[in-house]
Amino acid sequence: MKLGPGLAGIVKLAIVLNVYGATPASANSWTAPNVDGGKSWKDAFAKASSLVNNMTLAEKVNMTAGIPGSCVGNIGGVPRLNISGFCLEDGPAGVRPLHGVSQFPVGLTTAATWDRELIYKRAYAMGKEFYDQGVHLALAPVTGGPLGRAPLAGRNWEGWSPDPYATGVASYLSVLGMQDAGVMATAKHFIGYEQETFRNPYNLAEVYAVFPANEQSPISSNIDDKTMHEVYLWPFAEAVRAGVAHVMCSYNNLNGTQACQNSFTLNHLLKTELSFQGSVISDWGGQHSDVDALIGGLDMAMPGSGFGGVFGQFWSELDKLVENGTVPEDRVTDAALRVLTPHIWLGQDETPLPEHVFNALPTLYDAPDMYKDVRQNSTAELIRKIGAEGATLLKNTGGLPLQNPQRIAVLGNDATDNALGQNACGGAGIACPLENLNGTLSYGGGSGYAYAPYIITPLDALKERAIQSGAEISAITVIDNFESAIQSLVPTSDVTIVFVSGWATEFQDRPDITLNNNADALIAVAVNYSSNVVVVMHIPGVVDIEKWADNENVTAIVAAWLPGQETGNAITDVLYGDVNPSGKLPFTWAKSLDDYYPDTIVSDPILEPQANFTDGVFIDYRWFDAQNITPRYEFGYGLSYTTFEYSKLVVSEPQTADSSLFGSISLDASAVSASLKLSSSGFVSESDSIQDTAEPFTDSDGSNSLYDVVLQVTATITNTGDVIGSEVAQLYVSIPGDDQPVRVLRGFIKVKDIAPGESSTASFDLRRKDLSVWDSVKQTWYIPTGEFTVSVGASSRDLPLSMRWSP
Ligand SMILES: *[C@@H]1O[C@H](CO)[C@@H](O)[C@H](O)[C@H]1NC(C)=O
Ligand SMILES: *[C@@H]1O[C@H](CO)[C@@H](O)[C@H](O)[C@H]1NC(C)=O
Ligand SMILES: *[C@@H]1O[C@H](CO)[C@@H](O)[C@H](O)[C@H]1NC(C)=O
Ligand SMILES: *[C@@H]1O[C@H](CO)[C@@H](O)[C@H](O)[C@H]1NC(C)=O
Ligand SMILES: *[C@@H]1O[C@H](CO)[C@@H](O)[C@H](O)[C@H]1NC(C)=O
Ligand SMILES: *[C@@H]1O[C@H](CO)[C@@H](O)[C@H](O)[C@H]1NC(C)=O
Ligand SMILES: *[C@@H]1O[C@H](CO)[C@@H](O)[C@H](O)[C@H]1NC(C)=O
Ligand SMILES: *[C@@H]1O[C@H](CO)[C@@H](O)[C@H](O)[C@H]1NC(C)=O
Ligand SMILES: *[C@@H]1O[C@H](CO)[C@@H](O)[C@H](O)[C@H]1NC(C)=O
Ligand SMILES: *[C@@H]1O[C@H](CO)[C@@H](O)[C@H](O)[C@H]1NC(C)=O
């Protein structure tokens with residue numbers, strides 16, 4: 001991999017010394033490279049340099065150490081030089097914690113759309129709300145921490161997919177979208193943060209605590225170098241390429257060293273290898289020291305001395321530490337530059353942000369009395385569209401789309417309003433009681449929760465629709481003693497739609513994958529009295545549906561995820577066929593928790609808990625493929641109301657490719673299952689209408705870049721059914737080598753609105769990195785020798801087109 005300008009020599013030496021050293025990650029062994037603005041931020045960096053050069057030590061410290069203030073995080077700024085302070089706020093799916101904002105679909109829902117344009121538009125609309133609320137720095141997007149290694153992890157829904165490529169694309173587009181709206185984005189949580197249990201037994205009592213705070217180490221994620229590069233670091237590399245302003249370090253340890261003072265991950269991987277030019281921000285409570293954190297690569301202490309110092313008063317005496325020679329001033333200067341440069345790059349220094357209405361909170365999670373409406377008229381429509389496009393049709397034996405039913409039974413408490421207020425789960429009351437979630441579930445809980453301005457419940461929307469079509473609709477929403485009510489309502493209904501849910505929240509991992517609120521019993525009764533039961537699930541990931549999924553009376557199953565405020569409208573669009581479902585699973589849906597890689601949540605009550613990532617690169621579908629385990633629904637799976645056929649796989653070398661590294665491609669025509677045509681014409685960018693506005697930091701010299709497109713692939717998709725529909729075409733690559741997964745996702749595109757009988761072309765760009773693996777001895781990416789296979793199809797296990805070649 002190309003290194004940042006000027007650093008290559010130093011870094012190579014460091015690598016040689018450390019690769020063979022015993023402790024690659026010890027706190028102080030990797031020095032922080034000084035920022036230089038990289039390629040994209042040169043002008044902003046020059047301006048930041050002239051300002052920082054004129055700052056006193058106290059002023060530089062004011063740019064890096066959080067202070068008490070009215071936002072969840074506050075940077076003081078330098079009034080003497082007319083540099084404003086920063087307001088920092090959560091979260092990944094909307095501005096928190098105030099009212100007057102939208103409750104967007106969560107990351108998982110958006111990931112299930114596989115729609116690059118919608119991912120970007122959501123990020124832009126969200127970024128605009130942050131900006132209009134006067135937030136300089138948004139604590140979003142989740143960029144693969146958690147990635148989703150553990151199906152039970154409490155925060156997977158805040159992110160995207162356990163596949164690093166998919167999460168990489170989503171993170172890249174989210175950073176672009178948010179920053180195009182003027183707000184600084186933060187890729188989080190760096191890195192290896194894959195469970196809530198034992199995440200941070202430091203300063204604050206956590207719900208899972210078994211030892212008093214500070215007696216116990218956080219969970220240590222022990223990740224080998226190959227897995228780090230090919231899986232967990234991958235999405236962060238994409239966020240950096242997109243020009244992300246900041247990166248938030250996580251709570252956990254890595255190989256025994258805490259993430260916010262880990263010089264290997266921060267100074268080496270992030271700042272040197274990825275050439276990241278922005279600042280590293282601590283998660284609230286993630287900073288455990290003054291000196292080791294600064295030397296280890298942290299640039300911004302959050303919340304520093306905010307919140308009455310409950311997280312530790314870190315860096316409140318940073319000036320004294322410099323003055324008495326404990327830490328070098330250069331490091332503080334570098335940190336101030338990293339904080340200030342992206343602020344200038346986005347023009348926040350020249351155009352002041354709108355005034356904000358945040359007011360200092362006694363705690364982090366109480367719903368405060370803060371309100372300023374910044375919602376745009378078009379946003380509700382976008383939220384509804386993402387909810388509908390993300391809804392994933394898992395089973396359909398004729399239940400959907402609804403054929404103008406005249407008598408509709410609706411079952412389940414998830415169909416209706418939360419009787420305790422629409423923000424009672426996830427808002428002020430962060431922890432919903434697991435056994436009786438109240439009302440429809442539009443979100444998970446914790447700092448990823450955004451306050452809903454309203455909730456259109458499934459029942460609200462279905463009623464409106466039923467009234468329009470002159471139908472009768474009746475709902476049973478109790479969670480027990482429902483038998484006789486069901487017995488009297490259901491047998492005379494044309495269709496019975498059951499709404500069920502599963503809760504997940506920050507702070508604790510899910511105890512199991514069982515649906516909440518007695519849902520299995522509810523469905524068991526429903527199928528007893530109706531031969532047309534449609535099940536809709538509002539869930540944060542996999543749930544156990546084995547008791548009823550194969551029941552012949554269950555005629556359709558839809559995973560509607562966590563869709564935000566427009567939840568009812570979105571699902572009604574899908575149920576009635578106004579939107580033909582095109583969502584697909586961004587993770588593997590197993591039949592049993594036992595089918596996933598074992599023990600991914602470490603909960604042994606010991607002082608130094610260790611999570612050994614022994615699954616390596618074999619996460620999610622890669623594990624199921626390698627072990628030949630049949631899942632209930634595979635990664636990438638999802639049905640439509642129409643059918644699609646794949647044909648005409650074309651693999652070509654782009655005209656601009658430099659073939660010296662890649663070699664010449666010899667195609668094995670006998671293995672091609674569709675017509676073979678070598679051509680370099682007809683190139684359509686995979687990134688659809690979205691332009692890459694930020695230049696990658698890593699392409700320092702432009703040639704032989706890891707991110708050059710070396711192969712272009714197209715396939716023809718034909719709608720062979722009766723209704724218009726969109727199809728998520730997926731491209732997988734089998735990379736040769738004994739230690740490689742059977743196949744890995746390396747391209748996807750939603751081919752939109754194909755009319756019956758019509759065809760469209762799906763185009764994919766494969767970059768050099770997409771065909772490479774990491775050599776941890778040589779510390780470089782390389783394209784292995786041997787036979788590659790490129791496959792294109794509808795899911796990770798439905799790949800009708802493939803082609804083999806040996807570079
Ligand atoms: C900073 O100081 C330099 C001289 O060291 C001066 O030329 C420059 O104008 C100053 N810039 C600002 C923004 O004060
Ligand atoms: C630090 O920021 C605070 C808040 O904006 C400001 O009052 C104070 O003057 C700043 N300190 C310095 C040294 O600039
Ligand atoms: C953890 O240790 C392994 C084995 O020595 C090494 O390959 C890896 O780079 C280390 N990772 C981190 C984050 O320190
Ligand atoms: C330097 O200053 C810090 C902060 O006041 C203090 O904690 C530390 O003991 C001092 N170290 C030396 C060597 O004086
Ligand atoms: C201070 O910065 C603001 C933008 O934040 C700008 O409008 C104003 O003109 C600046 N004032 C001076 C004295 O440079
Ligand atoms: C949004 O809708 C309201 C009410 O219909 C209207 O008054 C307003 O002008 C609209 N705003 C924009 C920006 O379209
Ligand atoms: C929701 O809360 C209301 C009011 O406390 C209660 O009557 C109802 O049983 C609750 N529903 C569930 C499913 O817990
Ligand atoms: C289903 O119906 C049968 C026959 O009426 C009854 O015996 C059984 O208990 C019912 N099962 C459920 C789950 O309601
Ligand atoms: C399906 O529903 C019918 C009633 O419509 C019932 O008689 C039958 O037992 C049910 N079958 C199953 C497998 O539950
Ligand atoms: C993790 O790996 C270390 C080193 O191989 C080993 O000593 C330890 O027992 C492992 N811990 C767990 C929980 O598997």
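The first residue of the sequence shown is numbered 1, and numbering continues consecutively from there. Both counts, for ligands and for their atoms, begin at 1 and track the order of listing.
Ring pair Y451/H99 is tilted by interplanar angle, where 30° to 60° counts as tilted. Between Y193 and Y251, the ring planes lie perpendicular to each other; the angle is over 60°, past the 30° to 60° tilted range. Classification of the F86-H136 ring pair by plane angle, with boundaries at 30° and 60°, yields parallel. By the 30° and 60° cut-offs, the orientation of the rings of Y597 relative to W623 is perpendicular.
Atoms of ligand 7 found under 4.0 Å from any heavy atom of L420 (numbered from 1 in listed order, with element): 2 (O), 4 (C), 5 (O). Applying the 4.0 Å criterion to heavy atoms of N413 picks out, from ligand 7, the atoms 13 (C). Below 4.0 Å from some heavy atom of A419 lie the following atoms of ligand 7, by number and element: 1 (C), 2 (O), 3 (C).
Heavy atoms of D349 found under 4.0 angstrom from ligand 5 belong exclusively to the backbone. The part of L437 lying near ligand 7 is the backbone, judged by heavy-atom distances below 4.0 Å.
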Report each N/O pair between ligand 10 and the protein that falls under 3.5 Å, naming both atoms.
residue: ligand 10; atom: 2 (O); partner: N612; partner atom: OD1; Å: 3.3
residue: ligand 10; atom: 2 (O); partner: N612; partner atom: ND2; Å: 2.3
residue: ligand 10; atom: 11 (N); partner: N612; partner atom: ND2; Å: 3.0
residue: ligand 10; atom: 14 (O); partner: N612; partner atom: ND2; Å: 3.2

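The distance from atom OG of S70 to atom NE2 of H356, rounded to the nearest 0.5 Å, is 3.5 Å. Distance check: M537 CE to L562 CG gives 12.0 Å after rounding to the nearest 0.5 Å.
Polar contact with ligand 5: absent for Q348 (N/O pair, distance under 3.5 Å). At least one N/O-N/O distance between N436 and ligand 7 falls below 3.5 Å. Here's the thing with N438: one of its N/O atoms is less than 3.5 angstrom from an N/O atom of ligand 7.
Heavy atoms of P352 come nearer than 4.0 angstrom to ligand 5 in at least one pair.
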Side chains of residues 144-154: which donor-acceptor pairs under 3.5 Å do they make with residues two or more places apart or in other chains?
residue: R149; atom: NE; partner: D615; partner atom: OD1; Å: 3.0
residue: R149; atom: NE; partner: D615; partner atom: OD2; Å: 3.0
residue: R149; atom: NH2; partner: N612; partner atom: O; Å: 3.4
residue: R149; atom: NH2; partner: D615; partner atom: OD1; Å: 3.0

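Listed by first then second residue, pairs satisfying side chain to side chain donor-acceptor pair (under 3.5 Å) with a partner in residues 76-88 read E59-R80, not counting sequence neighbours.
Applying the salt bridge (charged side-chain N to carboxylate O under 4.0 Å, His left out) rule to R155 yields the partners E158, E506; only residues at least two apart in sequence or on another chain are considered.
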**OP:** Test D544 against L515 for side chain to side chain contact (heavy atoms under 4.5 Å, CB included), laying out the working first.
**Re:** CA-CA 7 Å; D544 183 356; L515 286 161; over 6 Å; no
